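Beneath this line is the structure, given in structure tokens, with notes to follow.
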Amino acid sequence: MISYIARRLLQSLLILVGISVVTFALLYLLPADPARQIAGRSATAETVANIREQLGLNLPFYQQYLRYAAGLVQGDFGRSYLQKTEVSELIASRLPASLLLMAGAITCELLLGITMGLVAALRRGKPADHILMLVSFVGVSAPQFVVGIMILYVFAVTLGWFPIGGYGTFAHLVLPSLTLGILGAGWYARMMRSSMIDVLRQDFIRTAHSKGISGRAVIWRHALPNAILPVIAMIGIDIGLFMSGIVVVESVFGWPGIGQLAWQAIQRVDIPIIMGVTLVSALAIVIGNFIADMVTPFIDPRIKLR
Amino acid sequence: MKKILLAGVALMALSAFGIESRADDIKQGGSMTVTYKDDVSTLDPAIGYDWQNWSMIKSLFDSLMDYEPGTSNLKKDLAEDYTISEDGKTFTFKLVKGVKFHNGREMTAEDVKYSLDRVTNPKTQSPGAGFFASIKGYEKMADGSATSLEGVTVVDPYTVKIELSRPDATFLHVMAINFSSIVPKEEVEKYGADFGKHPVGTGAFKLAEWTLGQKLVFERNKDYWNKGLPKLDQIVFEVGQEPVVALLRLQKGEVDVAGDGIPPAKFLEVKNDPNFSKLIVEGGQLHTGYLTMKVTMKPFDNLKVRQAVNMAINKERIVKIINGRAVPANQPLPPTMPGYAKDYEGYKFDVEGAKKLLAEAGFPDGFETELYANNTDPNPRIAQAIQQDLAAIGIKAEIKSLAQANVIAAGGEPDQAPMVWSGGMAWIADFPDPSNFYGPILGCSGAVKGGWNWSYYCNKDIDARATAADSITDPAKKGEREDAWKGIFLDVMKDAPWVPVMNEQRFTIRSERLGGPDAIFVDPVHIPVHYDQVYAKDVQ
């Protein structure tokens with residue numbers, strides 16, 4: 001068990017180093033020259049060269065990477081070229097908003113997904129099942145940009161139930177969480193449905209029925225707890241999906257998280273920010289997967305960590 | 001660097017007298033909310049060069065010169081008076097007395113000197129340092145061998161003398177640009193690189209609150225030396241708001257100014273909506289959208305090819321593509337710029353003529369090339385229109401639609417990006433003077449790696465004439481100077497390094513509760529809105 005954890009941690013670290021090298025290389029290969037961007041259009045070649053030297057952009061690739069990595073180890077993500085602020089400060093100031101949104105989205109997707117999956121499983125092959133699976137299919141496939149704008153228009157602009165974007169109160173949280181949650185809900189609905197159908201086929205369910213326990217009690221007390229665990233264990237893996245989703249949803253709703261930060265930085269090729277957000281997201285995904293792996297044996301004793 | 005995408009000059013030159021006579025009846029107070037999509041990067045006047053921070057900096061800081069609100073007419077600001085020597089090389093400024101920084105200290109001539117030394121010091125990394133190149137001692141600052149400008153002297157606490165190494169007719173404009181804002185040394189040194197997050201100036205507003213990525217709050221500087229200004233007590237800037245969402249919020253009355261304007265896709269809908277259309281203010285701007293042809297690359301080294309392309313582009317159709325938000329152009333200068341040639345007809349749209357010229361140039365069957373364009377709407381659509389026009393005369397252009405920084409990088413290489421559509425990063429004047437449309441984008445100094453002269457056009461003879469024109473500093477010879485510039489741009493068109501395509505109009509949408517002349521909402525200099533001049537109708 002301990003050697004497994006140690007091995008997994010080492011793997012995770014290697015993955016993170018790999019991601020940082022690849023991302024750094026991709027950004028290095030971009031044809032945009034940061035020094036020219038900073039210097040502005042009226043700058044002389046001398047000014048540009050000066051800035052390039054100050055930032056160490058004249059160094060060969062591996063030296064630039066080592067400089068960056070050396071900073072990273074000390075928690076220094078560098079300074080944004082265009083925002084003129086420490087990247088760590090920018091990310092730290094925006095991380096709470098993204099985590100809050102993550103919590104809201106996970107709540108939404110679990111509530112929606114599990115309910116839909118449960119109903120579909122119990123009504124298997126009936127119209128309710130088909131309709132719910134169609135809805136989940138649409139939820140999984142619809143572009144979040146479109147869903148976000150539509151939800152915003154219907155619930156905030158037309159009905160006026162929620163504020164039109166922004167951050168601060170619970171009411172602000174609802175619509176972006178819902179938009180993000182719809183995608184996940186589609187996945188969870190499908191997973192919950194098949195998990196439930198699996199469990200309902202098991203012998204112990206038949207035994208419970210034959211003991212004369214009411215159908216409702218069998219489902220709530222015996223089937224549901226067994227069916228729901230594998231679904232909940234997916235949350236860790238879900239973080240990857242979530243990280244890609246926040247870039248779009250935060251921009252649509254004006255939610256001040258790291259997704260919006262990344263989107264603005266990408267548009268303006270602000271390399272240190274892109275680098276920083278990518279690494280933080282990668283870290284979140286790695287941690288999520290790690291936790292998912294760790295909790296699996298507790299949920300399903302048949303799985304052992306080796 | 002996000003360029004100031006839209007800069008402009010108001011069509012209506014509102015008389016300053018008109019504004020001032022009304023100013024007395026207007027009560028100070030109230031608040032407004034302005035939204036932007038992108039976060040504010042910095043409020044350091046030596047560094048800020050974005051769409052969203054440009055006018056904010058103007059409200060937090062003052063310079064020696066400024067412009068009459070809503071116009072491009074220069075006026076004195078922190079300078080109470082100034083004199084120019086006979087040879088046009090020495091400017092002496094008398095400062096307004098009793099002006100205080102937000103920290104309470106009085107502003108003096110030492111601060112003017114410090115601010116100019118700071119902006120020209122390479123360590124500051126100011127994108128505007130080049131504007132000060134005519135000040136004596138600039139070269140030594142640029143190469144790092146001096147830390148103080150030789151040409152700037154403090155005569156007494158309220159007098160500063162600036163000597164230039166060459167006559168520069170645009171120097172008073174330079175003294176009005178954000179980069180020459182006066183900053184207090186002690187605050188800059190206290191915050192170092194973070195001064196841009198803790199700005200302290202002499203301006204009408206001071207920064208009260210800044211939540212990164214969310215909002216900024218400006219509050220009225222109660223000790224502002226310019227009595228009666230600003231008219232609002234508070235401005236709240238909310239950032240991270242998509243333009244479409246900002247528009248919806250404006251409709252609900254939650255937002256007063258949508259800082260990024262009306263999204264192109266929404267333009268017709270908004271314009272035709274009776275509730276919205278009355279909230280829109282339209283103004284001209286100092287903008288030209290153009291297509292460059294790299295004269296250092298075959299076959300664009302051939303004048304006839306460049307002329308043929310000039311005749312092949314259907315500009316009317318491009319204007320239609322952007323819902324008529326522009327007027328077709330035929331020369332580099334926009335119509336509101338001094339020096340614009342009204343009677344010049346340019347190259348007429350003539351497909352047959354273009355084909356004939358192309359055949360004469362030795363390309364009867366056309367050729368293949370690449371067209372670089374910014375990937376934000378509507379630029380890819382405009383690039384497609386250009387592609388179709390070129391195809392009509394046999395030129396097959398492949399569109400390279402990239403992020404702004406990548407297009408700029410390719411444009412600045414002598415052997416890449418044979419054609420560049422300038423939309424989304426087009427040249428907009430930093431100040432309303434024709435010289436600002438020449439040097440970096442058409443002159444030899446810009447035709448270098450990483451420069452902004454994407455056609456690499458370099459005509460030494462015309463360069464010499466440009467220098468001569470900028471040496472005419474005598475205000476009495478203003479007309480002569482404008483004529484010189486007019487001639488320069490018309491001769492550039494004979495060489496046809498560009499196809500000037502259109503001049504964009506600017507549209508601001510603001511809520512009904514904001515008052516003030518229309519011109520300040522499309523201010524040519526305080527872009528996008530002259531915040532100091534806006535008042536709230538609900539406190540009147």
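Since the structure is predicted, the reported quantities are computational estimates derived from the model, not experimental observations. For the numbers below, each heavy atom of this structure counts, side chains included, while hydrogens, waters and symmetry mates do not. Every chain is numbered from 1, with letters handed out A, B, ... down the list of sequences.
- Counting only distance, with no hydrogens or angles, the side chain of A:Gln260 and the backbone of B:Gly240 share a donor-acceptor pair below 3.5 Å.
- Chain A forms more heavy-atom pairs under 4.5 Å with one residue of B:Val448, B:Asp39, B:Val244 than with any other, namely B:Asp39.
- Contacts between B:Val40 and chain A at a heavy-atom distance below 4.5 Å involve the backbone alone (N, CA, C, O).
- Neither the backbone nor the side chain of B:Thr35 comes within less than 4.5 Å of any heavy atom in chain A.
- The two atoms that bring A:Asn50 and B:Pro122 nearest to each other are ND2-CB, 3.6 Å, heavy atoms only.
- For the 3.5 Å distance criterion, the side chains of A:Gln267 and B:Lys37 qualify, holding a donor opposite an acceptor.
- Listed here is the closest heavy atom pair of A:Gln264 and B:Asp38: CG-OD1, 3.5 Å.
- Residue contact with chain A, scored on non-hydrogen atoms closer than 4.5 Å, involves the backbone and the side chain of B:Val245 alike.
- Counting heavy atoms from C-beta on, the side chains of A:Lys84 and B:Ile47 come closer than 4.5 Å.
- Heavy-atom pairs under 4.5 Å with chain A were tallied for B:Gln241, B:Gln214, B:Lys215, B:Gln416; the largest tally goes to B:Gln214.
- No other option in A:Thr85, A:Leu30, A:Val48, A:Asp270 has as many heavy-atom pairs under 4.5 Å with chain B as A:Thr85.
- Both the backbone and the side chain of B:Asp143 come within less than 4.5 Å of a heavy atom of chain A.
- No donor-acceptor pair under 3.5 Å is formed between the side chain of B:Glu242 and the backbone N or O of A:Phe253.
- Per-residue heavy-atom pair counts under 4.5 Å with chain A were compared for B:Lys197, B:Glu254, B:Gln251, B:Glu413, and the maximum is reached by B:Lys197.
- Between the side chain of B:Lys252 and the backbone N or O of A:Val157, at least one donor-acceptor pair lies under 3.5 Å.
- Heavy-atom minimum distance, B:Gly213 versus A:Pro256: O-CB, 3.5 Å.
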